Amino acid sequence: MFDKQGRKINYIRISVTDLCNLRCRYCMPEEGIFKKNHQDILRIEEIEEIVRVGAKLGINKVRITGGEPLVRKGIVKLVEKISDIDGINDIALTTNGTLLKKYARDLKEAGLKRVNISIDSLNKNKYEAVTRGGDLQRVLEGIEAAKKEGLTPIKLNVVLIGGFNDDEIGDFIKLTIDDEIDVRFIELMPIGQASTWAKERFTPNTIVLEKYPKLVPICKEDKGSPAKYYRLPKAKGRIGLINPISSHFCRNCNRIRVTSDGKIKPCLHSNLEIDIREFRKLEMNLFDIFKNAIESKPRKHNINNHEYEPIIREMYQIGG
Ligand code: SAM
Ligand code: SF4
């Protein structure tokens, strides 16, 4: 389906839980979050129905995210149900990777195609510090498990944080030389925990190209991906730059989001939300709710200008 700006919307990102086994400093409060009542979270069957209706409206790509999606009970069953839906030809998962070694095989068998794994440092102590206790080794084992099961192409997400990991850009780039892995640097966004962070932390992604001018732009872009891709000469993998702050990609936005408590978010950087359960109480069918949500998608975000209204949701609620 096309929205009012003529953008084709074919991608849904679903957050299946707010909970997480890590406490990344820019994302989660140190003490964790208040656990919602079971009935306030979408059931596996409800998520399946949302995707089924989305598929009727032209959605063909699904990403499961969170919080940490692998702490959600029934996650493998959900992947299996979604992969059975006619019209869905791509199911991916964004994860911190710590539980991937345990789940990679089951997820692959259930129909998962690929994974994005978040990893903000390759240094054990720094990783532990930014995640407040995470174990880098488990993530590395998760990456290996994903490779072994063919959950590929694997994409590593690295949130670039000034004064923290900008000295590791080269180490991340090296990972792409011999492996068909994409490393994607993401600009830190002033959302939730990071909304009060010092200016110096918000390093623009342009520094990647300044430090590594040998990176060659890849002309053939991934359609619908917010990343601009580059490659070191002869490297197998790619470097992606995701620049929501320094150059937004609203014009090509093809996505819609659903939070774990059942709100459709037509735009990551807008507070507009459509409460699926409330509309259903008004006897509105899911098809129309979904269609209206797509139609209400804002033209662009205002993150860089004075009209910007801080986002009330935290990233662990939206799923990135
Ligand atoms: N737990 C999973 C993970 O970490 O991959 C999935 C959810 S997490 C919210 C999704 C992505 O959002 C991660 O790559 C994370 O680094 C990113 N993220 C969280 N807060 C962010 C922020 N303020 N700015 C930029 N990216 C952020
Ligand atoms: Fe958890 Fe992902 Fe947020 Fe880190 S970024 S706290 S892993 S939800």
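These numbers were taken from a predicted model, which means no experiment stands behind them. One-based numbering, in listed order, for ligands and for the atoms of each. Sequential numbering from 1 along the given sequence is applied to the chain's residues.
At least one donor-acceptor pair under 3.5 Å links the side chain of K297 to the backbone N or O of P266. No donor-acceptor pair closer than 3.5 Å links the side chain of N10 to the backbone N or O of N60. Judged purely by atom type and a 3.5 angstrom limit, N165 has no side-chain atom pairing as donor or acceptor with the backbone of E168. A donor-acceptor pair under 3.5 Å links the side-chain atoms of R7 to the main chain of C250, judged by distance alone. At distances below 3.5 Å, at least one donor-acceptor pair connects side-chain atoms of R132 with backbone N or O atoms of R23. Although no hydrogens or angles enter the test, the distance criterion places no donor-acceptor pair under 3.5 Å between the side chain of K236 and the main chain of I181.
For N205 and N243, the side-chain atoms include at least one donor-acceptor pair closer than 3.5 Å. Of the N and O atoms on the side chains of R13 and Y11, at least one donor lies less than 3.5 Å from an acceptor on the other residue. Residues N96 and E68 have side chains that bring a donor and an acceptor to within less than 3.5 angstrom of each other. Judged purely by distance below 3.5 Å, without hydrogens or angles, the side chains of N123 and S121 never pair a donor atom with an acceptor atom.
C27 SG, 3.7 Å is the protein heavy atom nearest to atom 5 (S) of ligand 2. Nearest protein neighbour of atom 15 (C) of ligand 1, counting heavy atoms only, is Y26 OH, 4.0 Å. In terms of protein heavy-atom proximity, atom 10 (C) of ligand 1 is closest to G319 O, 3.6 Å. In terms of protein heavy atoms, atom 27 (C) of ligand 1 is closest to M315 CE, 3.7 Å. For atom 23 (N) of ligand 1, the nearest protein heavy atom (residue, atom name, distance) is M189 O, 2.9 Å. In terms of protein heavy atoms, atom 12 (O) of ligand 1 is closest to G320 CA, 3.9 Å. In this structure, the protein non-hydrogen atom closest to atom 26 (N) of ligand 1 is V159 CG2, 3.6 Å. Of the protein's non-hydrogen atoms, S118 OG, 3.3 Å is the one closest to atom 13 (C) of ligand 1.
Enclosure of atom CD in E180 is not indicated, since only 12 or fewer non-hydrogen atoms of other residues, nucleotides or ligands lie within 6.0 angstrom.
Taking 4.0 Å as the cut-off, S15 does not count as a neighbour of ligand 1 on heavy-atom distance. In this structure, Q193 does not count as a contact residue of ligand 1, since none of its heavy atoms falls inside 4.0 Å of the ligand. Within the 4.0 Å heavy-atom shell around ligand 1 one does not find C20.
Taking every heavy atom of T65 and a limit of under 4.0 angstrom, the matching atoms of ligand 1 come to 6 (C), 7 (C). Counting atoms of ligand 1 from 1 in the listed order, those under 4.0 Å from a heavy atom of E187 are 25 (C). The atoms of ligand 1 that sit less than 4.0 Å from any heavy atom of N96 are 2 (C), 3 (C), 5 (O). The ligand atoms of ligand 1 that sit less than 4.0 angstrom from a heavy atom of G66 are 7 (C), 9 (C). Per-residue contacts place T95 under 4.0 angstrom from the following atoms of ligand 1 (heavy atoms of the residue considered): 2 (C), 3 (C), 5 (O). For ligand 2, the atoms closer than 4.0 angstrom to any heavy atom of L22 are 6 (S). Short contacts between ligand 1 and N157, defined as distances under 4.0 Å to a heavy atom of the residue, involve ligand atoms 14 (O). Less than 4.0 angstrom separates some heavy atom of G67 from each of these atoms of ligand 1: 1 (N), 2 (C), 6 (C), 7 (C).
Contact annotation: C24 places an N, O or S atom under 2.8 Å from atom 4 (Fe) of ligand 2.
Using a cutoff of 4.0 Å between basic side-chain nitrogens and carboxylate oxygens, D18 and R313 are not scored as salt-bridged. Using a 4.0 Å cut-off between a side-chain N of Lys or Arg and a carboxylate O of Asp or Glu, D167 and K126 qualify as a salt bridge.
The heavy atom nearest to atom 8 (S) of ligand 2, considering only S15, G67, G192, is found in G67.
Looking at E68 next to ligand 1, an N or O pair under 3.5 Å apart turns up.
At a heavy-atom cutoff of 4.0 Å, ligand 2 is contacted by the side chain of C20 but not by its backbone.
Each of K108, R105, R114 was checked for a salt bridge (Lys or Arg N to Asp or Glu O under 4.0 Å) with E149, and the lone residue meeting it is R105.
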